[in-house]
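What follows is a short report on a single structure.
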Amino acid sequence: MLKKKVEKILIEQIEKEGYSSNLYLAMATWAEANGFPGIAQWLYAQAEEERLHMKKFISYIGERGSHAVIPAFKQPPVEYKDVKVLFDEVLKHEQYITESISKISSVCIDEKDFVTYNWAQWFLTEQVEEEASVRTVIDKLKMLNKDNLYMFDKDIMSLRAAAASPTA
Ligand code: FEO
């Protein structure tokens, strides 16, 4: 069985990962509605990853003999001023999730739950990759103006592939 404090913070993370997935779905629908199918595809892929993260938390809590309670999720924002603002929000959100996984690690150390500590480290590595991948997108966006956003939209999935491959 998980210790109470560890169980509580892991259950809270189910909500955070699930909200992340919904947030990126909402961003994807905004991108689609505003004529950016490539950006939408990038965000749908991101939403899928977050859903898998949520499921990893659910499975782990269950494996350790606790009850993974599924929470309500608040509604994500519907509108964004522009693509740059949207990706700035993605980065801010990922930084918040990195903080939150760091907090899980710190609770595990306080509670001497080194098994969960060890398990949670995968997420920290994942966060480093996700933040880097969003920064790459933001760096590209800084070099663009409205006229070449069309090409950026066509190309954004190749940025995702490059971020996933350390040799690229
Ligand atoms: Fe699973 Fe990127 O937070």
Side-chain angles (χ1 to χ4, degrees), residues 2 5-32 36 38-64 66-78 80 83-109 113-142 156-166 168:
L2 290 164
K5 280 187 184 165
V6 175
E7 181 186 275
K8 181 171 180 288
I9 201 162
L10 292 182
I11 288 175
E12 284 167 5
Q13 194 65 27
I14 294 177
E15 190 276 331
K16 290 176 183 168
E17 299 293 345
Y19 178 78
S20 304
S21 184
N22 287 349
L23 174 65
Y24 298 143
L25 282 178
M27 288 175 165
T29 61
W30 177 88
E32 253 175 357
F36 300 111
I39 292 171
Q41 201 189 342
W42 191 97
L43 289 160
Y44 279 128
Q46 192 66 28
E48 265 322 293
E49 284 189 15
E50 298 303 348
R51 189 174 161 76
L52 286 176
H53 294 172
M54 175 177 70
K55 284 168 80 183
K56 275 181 193 273
F57 275 90
I58 292 169
S59 301
Y60 181 76
I61 293 166
E63 273 167 22
R64 298 300 304 277
S66 294
H67 180 180
V69 179
I70 306 301
F73 300 106
K74 75 171 193 273
Q75 186 183 356
V78 175
Y80 293 89
V83 169
K84 171 76 172 58
V85 167
L86 182 147
F87 278 104
D88 284 344
E89 288 299 317
V90 174
L91 181 59
K92 222 184 338 168
H93 185 73
E94 288 303 328
Q95 287 167 334
Y96 160 73
I97 295 291
T98 305
E99 286 270 307
S100 146
I101 307 274
S102 300
K103 200 157 166 232
I104 291 175
S105 299
S106 137
V107 168
C108 289
I109 289 171
D113 181 348
F114 300 111
V115 174
T116 305
Y117 174 87
N118 198 37
W119 175 83
Q121 298 318 292
W122 179 88
F123 287 92
L124 276 183
T125 309
E126 177 79 1
Q127 283 307 119
V128 171
E129 281 172 20
E130 287 191 352
E131 283 190 26
S133 145
V134 183
R135 279 200 193 88
T136 306
V137 171
I138 291 173
D139 286 347
K140 287 267 180 206
L141 277 172
K142 278 184 193 152
I156 185 169
M157 285 308 277
S158 69
L159 289 180
R160 190 176 187 86
S165 158

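We count residues from 1, following the sequence as given. As the structure lists them, so they are numbered: ligands from 1, and atoms in each ligand from 1. As the structure is a prediction and not an experimental result, all values here were calculated from the model.
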**OP:** Specify whether Tyr117 and Phe114 have parallel, tilted or perpendicular ring planes, treating 30° as the upper limit for parallel and 60° as the lower limit for perpendicular.
**Re:** perpendicular
Original post:
Counting distance only, does the side-chain N/O of Thr136 pair as donor-acceptor with the main-chain N or O of Ala132 below 3.5 Å?
Top reply: yes
**OP:** Mark yes or no for whether Thr98, through its side chain, and Glu94, through its backbone, hold a donor-acceptor pair below 3.5 Å.
**Re:** yes
Original post:
How many protein atoms of type N/O/S are positioned less than 2.8 Å from atom 1 (Fe) of ligand 1?
Top reply: 3
Subject >> Lys/Arg N to Asp/Glu carboxylate O, Lys103 vs Glu99, below 4.0 Å >> reply: no
**OP:** Inspect the contact between Glu89 and Lys92 and indicate whether a charged nitrogen and a carboxylate oxygen are less than 4.0 angstrom apart.
**Re:** yes
Original post:
Looking at Trp122 versus Tyr60, is the centre-to-centre ring distance below 6.0 Å?
Top reply: no
